[in-house]
Every structure is written in structure tokens, then in C-alpha cells.
Amino acid sequence: QVQLVESGGGLVQPGGSLRLSCVASGSIFSINGMGWYRAAPGKQRKLVAAITSGGSTNYADSVKGRFTISRDNAKNTMYLQMNNLKPEDTAVYYCNADIWGNWGTRTSSWGQGTQVTVSS
């Protein structure tokens, strides 16, 4: 009943910036934790950044100081600001959310992924 829609991916040169967005919709009462994951070609999906409903964050060591995760609870939207992008950031980026539904149900939902390619 819920879906996550990501946007903002694309092709960027090293040192450039992108901002990813993730919008949750459907039967949503509230959203708890949210996070961004990525999967490089041929690799397993790994956590990039996470944020709680209260705004506490944590980041993978590889992106600390370059990426910033944020959320707008009123819009059920999460963002990932990516600065100083490097070729090793190339991956499919996925949105994840822990969601309370309107009937007291709780689900962990994933977006379809958005491609980020960093190349000169």
C-alpha cells in the first residue's frame, strides 16, 4: 500500500553535486527511520546514510563530510545532498523507509532505485 519514488539521479563529473529525493505515499500514518542505500555494479547493497524521525543521522565512512541526509516529515520526503562526488560513488541508490500504516501495520519499504554515475 505504500510506495517510495526516488528522483535526482543522473550523470555528473567528479567533484560535482546531486540531490536525491525520496517521496513516500500511500497508507501512511507516520514514518520512522529512513535511509539511503547503494549498490555498485556487481556489488551488494550497502547503507549510505540513515536518519531517524527525530533527525538523528549516521553515515558510511566513505561519504562522511560529503553527503548530507535530511527529511521533511510534513511532506514524507527524504533527501540526500551529495557533494564532491567521486567515481566510486557510482551506484544505484535506493530509498528505504520504516512506515506505520493507517491500521497500525508496520512495513519496511524500498524504492525502485535511481542511477548515479560519476564520470569525466
Side-chain angles (χ1 to χ4, degrees):
Q1 294 187 200
V2 300
Q3 69 172 1
L4 306 177
V5 179
E6 297 131 320
S7 62
L11 175 65
V12 65
Q13 294 187 353
S17 298
L18 287 172
R19 190 178 79 153
L20 306 183
S21 298
C22 172
V23 180
S25 62
S27 300
I28 299 172
F29 178 76
S30 65
I31 302 177
N32 299 314
M34 303 184 76
W36 289 98
Y37 293 72
R38 68 186 183 188
K43 300 294 185 179
Q44 295 184 4
R45 185 163 52 192
K46 294 184 177 180
L47 177 68
V48 176
I51 185 168
T52 69
S53 60
S56 297
T57 61
N58 70 297
Y59 299 88
D61 289 341
S62 59
V63 306
K64 287 181 179 178
R66 300 188 297 119
F67 291 10
T68 302
I69 188 172
S70 62
R71 63 191 289 174
D72 185 336
N73 292 333
K75 297 180 179 179
N76 289 333
T77 301
M78 176 178 63
Y79 306 95
L80 184 67
Q81 179 66 46
M82 304 184 293
N83 297 326
N84 192 24
L85 283 161
K86 303 176 180 180
E88 51 263 43
D89 295 319
T90 296
V92 177
Y93 284 70
Y94 298 89
C95 173
N96 175 259
D98 179 19
I99 298 173
W100 282 103
N102 290 324
W103 292 276
T105 58
R106 188 173 184 175
T107 59
S108 179
S109 299
W110 292 90
Q112 79 289 340
T114 184
Q115 176 70 234
V116 172
T117 302
V118 185
S119 179
S120 59

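Values in this document were obtained by computation on a predicted structure and should not be read as measured data.
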Throw together a table of side-chain donor-acceptor distances under 3.5 angstrom for residues 8-16, partners on residues two or more places apart or in other chains.
none

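- Scanning all heavy atoms of the two residues, the minimum distance from Y93 to A91 falls at CD1-O, 3.4 Å.
- Between Y94 and G113, the shortest heavy-atom contact is CD2-CA, 3.6 Å.
- Applying the salt bridge (Lys or Arg N to Asp or Glu O under 4.0 Å) test to residues at least two apart or on different chains, none of the pairs has a partner in residues 107-120.
- In this structure the side chain of L80 never reaches within 4.5 angstrom of the side chain of R19, judged on heavy atoms.
- Scanning for side-chain hydrogen bond (donor to acceptor under 3.5 Å, both in side chains) contacts around S27 gives Q1, with sequence neighbours left out.
- In this structure the side chain of T90 reaches within 4.5 angstrom of the side chain of Q115, judged on heavy atoms.
- No donor-acceptor contact under 3.5 angstrom links the side chains of S25 and N76, judged on distance only.
- Counting only residues at least two apart or in different chains, salt bridge (Lys or Arg N to Asp or Glu O under 4.0 Å) contacts with residues 22-34 are absent.
- To the nearest 0.5 Å, atom SG of residue C22 and atom CH2 of residue W110 are 10.5 Å apart.
- Ring pair W36/F67: centre-to-centre distance not below 6.0 Å.
- The side chain to side chain contact (heavy atoms under 4.5 Å, CB included) search around N73 returns R71, not counting sequence neighbours.
- Taking all atoms of both residues into account, the shortest heavy-atom contact from I31 to M34 is CG2-CG, 3.5 Å.
- Among residues two or more places apart in sequence or in another chain, the side-chain hydrogen bond (donor to acceptor under 3.5 Å, both in side chains) test is passed with T107 by none.
- The SG atom of C95 lies 4.5 Å from the CG atom of L4; values are rounded to the nearest 0.5 Å.
- Closest heavy-atom contact between L20 and M82: CG-CE, 3.7 Å.
- Sorted by first and then second residue, the salt bridge (Lys or Arg N to Asp or Glu O under 4.0 Å) pairs with a member in residues 21-47 read R38-D89; sequence neighbours excluded.
- Tracing side-chain contacts under 4.5 Å through hydrophobic residues (I, L, V, M, F, W, Y), one never reaches W100 starting from V23; they form parts of separate clusters.
- For S17, the side-chain hydrogen bond (donor to acceptor under 3.5 Å, both in side chains) test picks out N83, with sequence neighbours left out.
- Residues that satisfy the side chain to side chain contact (heavy atoms under 4.5 Å, CB included) test with A50, not counting sequence neighbours, are L47, N58.
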Apply side-chain contact (heavy atoms from CB on, under 4.5 Å) to residues Y59 and V48 and explain how you reach the verdict.
CA-CA 6 Å; Y59 299 88; V48 176; 6.0 Å; no
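- What you find for L18 and L85 is that their closest heavy atoms are N-CD1, 3.9 Å.
- A donor-acceptor pair is defined here as one N or O able to donate and one able to accept, closer than 3.5 Å; such a pair exists between the side chain of E6 and the backbone of Q112.
- Residue E88 qualifies as enclosed at atom CD: its count of foreign heavy atoms under 6.0 Å is above 12.
- Applying the side chain to side chain contact (heavy atoms under 4.5 Å, CB included) test to S70 and every residue at least two apart in sequence or in another chain returns Y79.
- Under the rule for a side-chain hydrogen bond (donor to acceptor under 3.5 Å, both in side chains), T52 has no partner lying at least two apart in sequence or in another chain.
- Partners of D98 by salt bridge (charged side-chain N to carboxylate O under 4.0 Å, His left out), not counting sequence neighbours, listed by chain and number: R106.
- The two atoms that bring I69 and M78 nearest to each other are CD1-SD, 3.8 Å, heavy atoms only.
- Taken together through direct or relayed side-chain contacts under 4.5 Å among Ile, Leu, Val, Met, Phe, Trp and Tyr, I51 and Y37 form parts of separate hydrophobic clusters.
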